[in-house]
Enquirer: 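Before I ask anything, let me first share the structure, which is written out below as structure tokens.
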Amino acid sequence: MRPASPPPRHATVPTPLTWLYAPGDRPEVVAKALACGADVVVVDLEDAVAPDRKEYALRATAELLSAPAPGPCPVHVRVNALDGPLAETEIRTLAPLPGLAGLRLPKVQGPADVHRAAGWATTAADPVPGPLPYAAEGAVRPAGRTLAGHFTPARTAPGSTTATLAPAAAPTPSALPATPALFALLESALGIEHAFAIATAHPALRGIALGEADLCGELGVRDDTGLAWPRGRTVVAARAAGLAPPPQSVYPDVHDLDGLTRTCERGRALGFLGRAALHPRQLPVIETAFLPSAEEIAAARETVRAAAAEGGGALALPDGRFVDAAVVAGARRVLELAERRR
């Protein structure tokens, strides 16, 4: 059974359909992303940021999220790999900030990764030193260095062979009102095998999704055929855990909108809801693909009306369709999505 969720730090919003990535070291790009109509903007500290820009990206992102409402939509942050030297400091720095709506955890292999991230999120790091205007770049201190410019000692977690750098200054632990919403990205064969265990690992875990580029590389997959089982597994694990349907992974060719449309249609047929995006031009295509058509809306309304008139129980519609409680629930979900067209 999934543990009870803690009180959310942000107001409940409809399930997002569009998740737009923006590089954390490009404040001007993040500002444009916030203004382009995405349901969620994901500030990326991982793949989109070069190693020598990681510290600046964290500083700039912390400055952005210091405001309770950094933009017209929720802002999530994808941190660096949890077994690397940066994620702990990133999570502990960003988790207490009022503008953070969620943390996206890359390359999650099992429940222990989720628990580790949640533990980091519930003790705050020292504030990022010094003011940093969000739109301006300044000198930044590399991750893992003290102000004197020396590396702090590396430490290795018990039972682990991976050393991680200590935070630049000794942290002052402080309890947070609630763990921020966590979203696990499954990007490996082991992550797929543990999908349900990850989805039920912690009450702050609010969603799972595939990271298909890394998964394809590990599996040696060359086309969508080889991803059918991981995709289905991810959808089933999310729904079995009581989570929202997962969004699809990004479509990498931002100019091929026809291909984006086709793959969104296939993803919707598999049970995905919404999709991550790399460019604003992809947003309207994704939204259109995942919103119900006029025919689907009409059929859903007829189903809900007929069920209400019968007062419950199974029934047959005039066109021969059999309707039971599960069909009615699906029709109601269609009508909820239809509200977004207004």
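As the structure is a computational prediction, the values presented were derived from the model and not from experiment. Along the sequence shown, residues carry numbers from 1.
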Enquirer: Using modelled atom types and a 3.5 Å cut-off, is there a donor and acceptor pairing between side-chain atoms of Asp25 and backbone atoms of Lys54?
Expert: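 Checking the backbone N and O of Lys54 against the side chain of Asp25, no donor-acceptor pair under 3.5 Å is found.
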
Enquirer: Go through Glu187 and Leu210 one step at a time and tell me if the side-chain contact (heavy atoms from CB on, under 4.5 Å) criterion holds.
Expert: CA-CA 6 Å; Glu187 305 182 67; Leu210 276 178; over 6 Å; no

Enquirer: Whether Glu193 and Arg233 form a salt bridge (side-chain N of Lys/Arg under 4.0 Å from carboxylate O of Asp/Glu) is what I want to check.
Expert: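 The answer is no: the pair does not qualify as a salt bridge.
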
Enquirer: Can you name the nearest heavy-atom pair linking Glu90 to Asn80, along with the distance?
Expert: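 Heavy atoms of Glu90 and Asn80 come nearest at OE2-ND2, 2.6 Å.
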
Enquirer: Work out which heavy atom in Leu219 is nearest to a heavy atom in Ala189; give both atom names and the distance.
Expert: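 That closest heavy-atom pairing would be CD2-CB, 4.1 Å.
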
Enquirer: Of the non-hydrogen atoms in Arg26 and Glu28, which two are nearest, and what is the gap between them?
Expert: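 Heavy atoms only, the tightest pair is NE-OE2, 2.7 Å.
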
Enquirer: In terms of hydrophobic clusters joined by side-chain contacts under 4.5 Å, are Leu64 and Val41 together?
Expert: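 Same hydrophobic cluster.
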
Enquirer: Donor-acceptor pair, Ser66 side chain versus Glu63 backbone, under 3.5 Å?
Expert: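 Present.
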
Enquirer: Is the Phe183 ring parallel, tilted or perpendicular to the Trp19 ring (thresholds 30°, 60°)?
Expert: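 It falls in the perpendicular class, over 60°.
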
Enquirer: Examine Leu278 and Leu260 and state if one hydrophobic cluster contains both, with Ile, Leu, Val, Met, Phe, Trp and Tyr joined whenever side-chain heavy atoms are less than 4.5 Å apart.
Expert: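 Cluster IDs for Leu278 and Leu260 differ.
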
Enquirer: Quick one: do Leu186 and Val221 end up in the same hydrophobic cluster if we chain Ile, Leu, Val, Met, Phe, Trp and Tyr together by side-chain heavy atoms under 4.5 Å apart?
Expert: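 Yes, it is one cluster - the side chains of Leu186 and Val221 are joined through contacts under 4.5 Å.
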
Enquirer: Between Gln248 and Thr263, do the side chains contain a donor N or O and an acceptor N or O under 3.5 Å apart?
Expert: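 Gln248 and Thr263 do not have a side-chain donor-acceptor pair below 3.5 Å.
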
Enquirer: If only side-chain N and O atoms count, and only distance matters, is there a donor-acceptor pair under 3.5 Å linking Ser249 with Arg231?
Expert: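 No.
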
Enquirer: Distance from Glu287 atom CD to Cys264 atom SG, nearest 0.5 Å?
Expert: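 Going from the CD atom of Glu287 to the SG atom of Cys264 covers 11.5 Å.
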
Enquirer: Throw together a table of side-chain donor-acceptor distances under 3.5 angstrom for residues 96-107, partners on residues two or more places apart or in other chains.
Expert:
| residue | atom | partner | partner atom | Å |
| --- | --- | --- | --- | --- |
| Lys107 | NZ | Glu46 | OE2 | 2.5 |
| Lys107 | NZ | Asp214 | OD2 | 3.2 |

Enquirer: Please give me the minimum heavy-atom distance between Leu17 and Asp39, naming the atom from each residue.
Expert: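 Looking at all heavy atoms of both residues, the shortest contact is N-OD2, 2.7 Å.
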
Enquirer: For a 4.5 angstrom cut-off between non-hydrogen side-chain atoms, does Val304 reach Arg332?
Expert: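 Yes. Closest side-chain heavy atoms under 4.5 Å.
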
Enquirer: Are any non-hydrogen side-chain atoms of Pro111 and Arg116 less than 4.5 angstrom apart?
Expert: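 A side-chain contact is absent here, since even the closest heavy-atom pair is not under 4.5 Å.
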
Enquirer: Is it true that a side-chain atom of Thr61 and a backbone atom of Leu58 form a donor plus acceptor pair closer than 3.5 Å?
Expert: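 No; judged by distance alone, with no hydrogens or angles, the pair does not exist.
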
Enquirer: Quick check: do His255 and Arg281 have side-chain heavy atoms less than 4.5 Å from each other?
Expert: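 A side-chain contact under 4.5 Å exists here.
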
Enquirer: Considering only heavy atoms from C-beta outward, does the side chain of His194 approach that of Gln109 to under 4.5 Å?
Expert: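 Of all side-chain heavy-atom pairs linking Gln109 with His194, none is under 4.5 Å.
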
Enquirer: For the residue pair Tyr251 and Gln282, what are the closest heavy atoms and their distance?
Expert: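 Tyr251 and Gln282 have their closest heavy atoms at O-NE2, 3.0 Å.
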
Enquirer: Do Leu45 and Val108 sit in the same hydrophobic cluster, where Ile, Leu, Val, Met, Phe, Trp and Tyr count as joined when their side-chain heavy atoms come under 4.5 Å apart?
Expert: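 Result: yes, single cluster for both.
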
Enquirer: Closer than 3.5 angstrom, by distance alone: can the side chain of Glu339 be matched with the main-chain N or O of Glu336 as a donor-acceptor pair?
Expert: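 Side chain of Glu339 to backbone of Glu336: no pair is present.
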
Enquirer: Are Val40 and Cys73 packed together at the side-chain level, in the sense that at least one heavy-atom pair is separated by less than 4.5 angstrom?
Expert: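 No, too far: nothing below the 4.5 Å cut-off.
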
Enquirer: Kindly compute the distance separating NE2 (His76) from CZ (Arg206), expressed to the nearest 0.5 Å.
Expert: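 Rounded to the nearest 0.5 Å, the NE2-CZ separation comes out at 10.0 Å.
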
Enquirer: Minimum heavy-atom separation for Trp120 to Leu82, with atom names?
Expert: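 Nearest pair, atom of Trp120 first, then Leu82: CH2-O, 3.5 Å.
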
Enquirer: About how many Å separate CZ of Arg239 and OG1 of Thr234, when rounded to the nearest 0.5 Å?
Expert: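 Reported to 0.5 Å precision, the distance equals 13.5 Å.
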
Enquirer: Quick check on the hydrophobic clustering: are Val250 and Val42 connected, directly or via other members, by side-chain heavy-atom contacts under 4.5 Å?
Expert: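 As far as the 4.5 Å side-chain criterion goes, Val42 and Val250 are connected within one cluster.
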
